[in-house]
Protein chains: 2
Amino acid sequence: MKEGPDIAHVAALIGDPARANMLTALMSGKALTVSELAEEAGVTIQTASSHLSKLDEGGLLRPRKQGRHKYFSLANDEVAHVLEGLMGLAAGSGHLRKRTGPKDAELRRARVCYNHLAGDMGTQMFDSLIAQSHLILDGDDLNLTRSGQAFVTDLGIDLTDLRKNKSPLCRECLDLSERRSHLAGSLGRALLSRFEDLSWARRDQKTRVVSFSANGAKEFEQLFSVG
Amino acid sequence: MKEGPDIAHVAALIGDPARANMLTALMSGKALTVSELAEEAGVTIQTASSHLSKLDEGGLLRPRKQGRHKYFSLANDEVAHVLEGLMGLAAGSGHLRKRTGPKDAELRRARVCYNHLAGDMGTQMFDSLIAQSHLILDGDDLNLTRSGQAFVTDLGIDLTDLRKNKSPLCRECLDLSERRSHLAGSLGRALLSRFEDLSWARRDQKTRVVSFSANGAKEFEQLFSVG
DNA sequence: TTCATAGTTCGACCATAATCGAAGCATCTG
DNA sequence: CAGATGCTTCGATTATGGTCGAACTATGAA
C-alpha cells in the first residue's frame, strides 16, 4: 500500500517518554549502562531493559558488553542528528518542558551534540572554518581543503588516524533551533576531544554543557574568529 | 525532573502509522485536504481530522482554509528536514517497506493526484504545454497563453465556466519522487475529467491508477508530444 | 430555501504496549 | 563453591490512545 521507509516505526521508538529520556541522556556522548539509563528515565531496570532492546533492534543504539555490564551509546551521528532536529522542533513549537534555569544560556552557548561541539560556539567554529576556506561545502558534501588539513594538523590532530575510521570525516549537523550548521563527523569529534586534552574546555556529563576556561575561550576566539 | 525540549511528544506525533503516512504524503510539498490525507493514510475522515489537529497543535503543520476545504502542508522545511532524517534512519536499519508491486509501474505511468493527472504522463503533458508555449511559468505563477486558451477550448473545455471557480486556474504540482512538475488547479482537473468524458482514460478510485485506452493513449501522444 | 459536500466533535469500543513483580541467566568476588 | 550484582525473560495488569459511527457545523451550489 504505502511506499518508502517505515518512518513511523523509528519515530514511535523515540516517541515513548522513557525511551526519549534515555536517548537524550545518551546525547551527552557517554555510554551508559542499563541501570543508569533506567534511573535517567525513571523506570525500573526490567522496563529499561525492554526499552533498550527495542531501541537496539531499531538500530538507534550501539550496545557493548563489558563484563557483567552492558553499555549503550547512540548508534551513530545520524541518530544524534535526528534527535537534535526533534529537539529543535519541540523547542520551536513552544513545547519546552519548563525549565529556564541558568543552565539554558550555557547550553545555548556551547553544548555537546552527541560527541561534537554545538551551540553558538559550535556554529561559530563552523562558520569560521568555512570563511577561512578550510572547509568547503559542496552540495551535501563537506570537504576539508589543503589549508584545512594543515590547520587541524597544527592543532595536534592526527588526520591519518581519523581517516582509518569508516565514518565520514566531515559532516554538517544542522542546529534547527538556530538554523545554523555545525561540524559533526569524526573531525568534529576529534576537535572537541582535542579541546578537552588542551584543557580549553570541559564537559559536564550531566547537562551536556561545555564550559570553556578563560584561556580556552581566548584561544578558541583567536582560532575561530569570524569576519 | 527532566530537562530540555519535549522530544517524546513530537516523536510520538510522527510515530503513529496513520500520521506518518500523512506526513510523508505532505513531503511532496503540496498542500492536501483532510479527505486526501485520510485517503493517503487509509483511515476515515473523522480519524484523519483528529490526527491532523494533533499534528497542527504540535506545530508540524500549517493549515489554510480555502472555502470549505482545509489544506494542510508541512509547517516549514525544518519539519521536512527531520522527516528526511527519520527516513534515512529507517532506511539505514533496513526498515524499508516493500515497494515494488505490480501496480507500481502503472502508478508511475499515470495516476491521479487529487483529481488531476500525475505520473509520467502528467509530467509529459505539463512539459509539452510549456514547450508549445501554451503555458508559461512566471515565478510561482502559471499562466495560460492565448494559444493555450485556444488549445484547451478546442479540446472541448469551457474556460469561462472554469474561471467562475474561485480556485486558481493553473497550479504547478511538484512530484518530488520524480522532481518534475505536473499541472494542477481547476484546469488540470478539467483536463483529466475531459479525458474521461472522451473515454480516453478511466480512473480506478481505489488505486489512483489512471488507465488509458489504446485510442486515448494515441490521441494523448499526438496532443502532448515532446520535442 | 434545500441539498450536497467538507470537516469537526462526541462517545464508545478495542488493541497495543508500557509497566512492574517474580523468576531465571550470566558474571564477578570471596 | 556460595553469594552478590547486572541484566533478561515471562506473565499479568493497566492505561493510553487509535478507531469509527453518528450527529453537528460550515460553506458552496442549485
Side-chain angles (χ1 to χ4, degrees), chain A residues 1-2 6-23 31-58 61-73, chain B residues 1-2 6 8-23 26 31-58 60-73 114-115 158 160-168 186 189-190 193 205:
Chain A
M1 197 72 155
K2 287 286 120 234
D6 190 357
I7 159 179
H9 180 244
V10 187
L13 282 178
I14 310 175
D16 177 77
R19 287 195 290 260
N21 283 336
M22 297 180 181
L23 289 170
L32 298 172
T33 68
V34 178
S35 325
E36 293 172 300
L37 288 165
E39 166 103 5
E40 259 327 302
V43 294
T44 62
I45 303 182
Q46 306 97 290
T47 317
S49 173
S50 156
H51 283 311
L52 289 167
S53 51
K54 281 172 192 170
L55 288 172
D56 185 16
E57 267 180 56
L61 298 183
R62 194 187 67 170
R64 261 179 308 177
K65 279 186 93 164
Q66 208 167 91
R68 56 181 163 179
H69 294 271
K70 191 166 179 182
Y71 286 95
F72 283 97
S73 50
Chain B
M1 190 71 159
K2 286 289 120 229
D6 190 356
H9 180 243
V10 187
L13 281 178
I14 311 176
D16 176 77
R19 286 193 290 258
N21 283 335
M22 297 178 181
L23 290 170
L26 289 172
L32 297 173
T33 68
V34 178
S35 324
E36 293 173 293
L37 289 165
E39 163 111 2
E40 272 308 319
V43 294
T44 61
I45 302 183
Q46 306 96 291
T47 317
S49 174
S50 156
H51 283 312
L52 289 168
S53 51
K54 282 174 191 170
L55 287 173
D56 185 15
E57 267 179 56
L60 300 184
L61 296 184
R62 193 188 67 169
R64 259 183 309 177
K65 278 186 92 164
Q66 198 170 316
R68 56 180 165 182
H69 295 271
K70 192 166 179 182
Y71 286 94
F72 283 97
S73 50
Y114 191 13
N115 40 26
D158 186 354
T160 58
D161 207 33
L162 285 184
R163 289 197 200 281
K164 284 183 196 162
N165 210 318
K166 276 179 219 92
S167 64
S186 57
R189 189 176 337 179
S193 83
Q205 298 287 3

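Bear in mind that the values here come from a model prediction, so they are computed numbers and not experimental data. Per chain, numbering begins at 1; letters A, B, ... match sequence-line order.
Scored by the side-chain contact (heavy atoms from CB on, under 4.5 Å) test, A/Thr33 finds A/Ser35, A/Glu36, A/His69, A/Tyr71 as partners (sequence neighbours excluded). Under the side-chain contact (heavy atoms from CB on, under 4.5 Å) criterion, B/Ala18 pairs with B/Asp16, B/Ala41, B/Val43, B/His51, sequence neighbours left out. Partners of A/Gln46 by side-chain contact (heavy atoms from CB on, under 4.5 Å), not counting sequence neighbours, listed by chain and number: A/Thr44. Applying the side-chain hydrogen bond (donor to acceptor under 3.5 Å, both in side chains) rule to B/Asp56 yields no partners; only residues at least two apart in sequence or on another chain are considered.
Summary of helix geometry: the two end axes of the helix from C/dT1-D/dA30 to C/dG30-D/dC1, each defined by five base pairs via their C1' atoms, are inclined to each other by 20° (rounded to 10°).
For the OP1/OP2 pair of C/dT8 and a distance below 4.0 Å, the side-chain nitrogens and oxygens of B/Lys70 include at least one atom meeting the criterion.
Between the NE2 atom of B/His69 and the P atom of C/dT5 there is a distance of 11 Å, rounded to whole Å. Atom-to-atom, NZ of B/Lys65 to C1' of D/dT27 comes out at 8 Å; the value is rounded to the nearest Å. Summarising the geometry, the separation between CZ on B/Arg64 and C1' on D/dT27 is reported as 18 Å, rounded to the nearest angstrom. As rounded to whole Å, 12 Å separates atom C1' of D/dG6 from atom CZ of A/Phe72. B/Met22 places its CE atom 11 Å from the P atom of D/dG18, with the value rounded to the nearest Å. Rounded to an integer number of Å, the gap from CD of B/Glu39 to P of C/dT5 is 16 Å. Atom CG in B/Leu52 sits about 12 Å away from atom P in D/dT19, given to the nearest Å. Spacing between atom OH of B/Tyr71 and atom C1' of C/dT5 amounts to 13 Å, rounded to whole angstrom units.
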* To do: Give the intermediate values and the outcome of side chain to side chain contact (heavy atoms under 4.5 Å, CB included) for residues B/Lys70 and B/Ser49.
  => CA-CA 10 Å; B/Lys70 192 166 179 182; B/Ser49 174; over 6 Å; no

* Evaluate the side chain to side chain contact (heavy atoms under 4.5 Å, CB included) criterion for residues B/Ile14 and A/Ile14: first the C-alpha distance (whole Å), next the side-chain angles of each, then the deciding distance (0.1 Å), finally the verdict. => CA-CA 10 Å; B/Ile14 311 176; A/Ile14 310 175; over 6 Å; no

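Side-chain proximity of A/Arg68 to C/dT8, C/dC28, D/dC7: nearest is C/dC28.
The CG atom of A/Leu13 lies 5.5 Å from the CZ atom of A/Arg19; values are rounded to the nearest 0.5 Å. The line from CG of B/Leu23 to CG of B/Leu37 is 9.0 Å long, rounded to the nearest 0.5 Å. Going from atom CG of B/Leu52 over to atom CZ of B/Phe72 covers 4.5 Å, rounded to the nearest 0.5 Å.
Contact annotation for A/Thr33: backbone-only contact, meaning every heavy-atom pair under 4.0 Å involves sugar-phosphate atoms and none involves a base.
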* Asked: What is the per-nucleotide protein-contact pattern of nucleotides 10-25 of chain C, from the 5' end, where B denotes a base atom under 4.0 Å from a protein heavy atom, S denotes such proximity for sugar-phosphate atoms only, and - denotes neither?
  -> --------SSBBB---

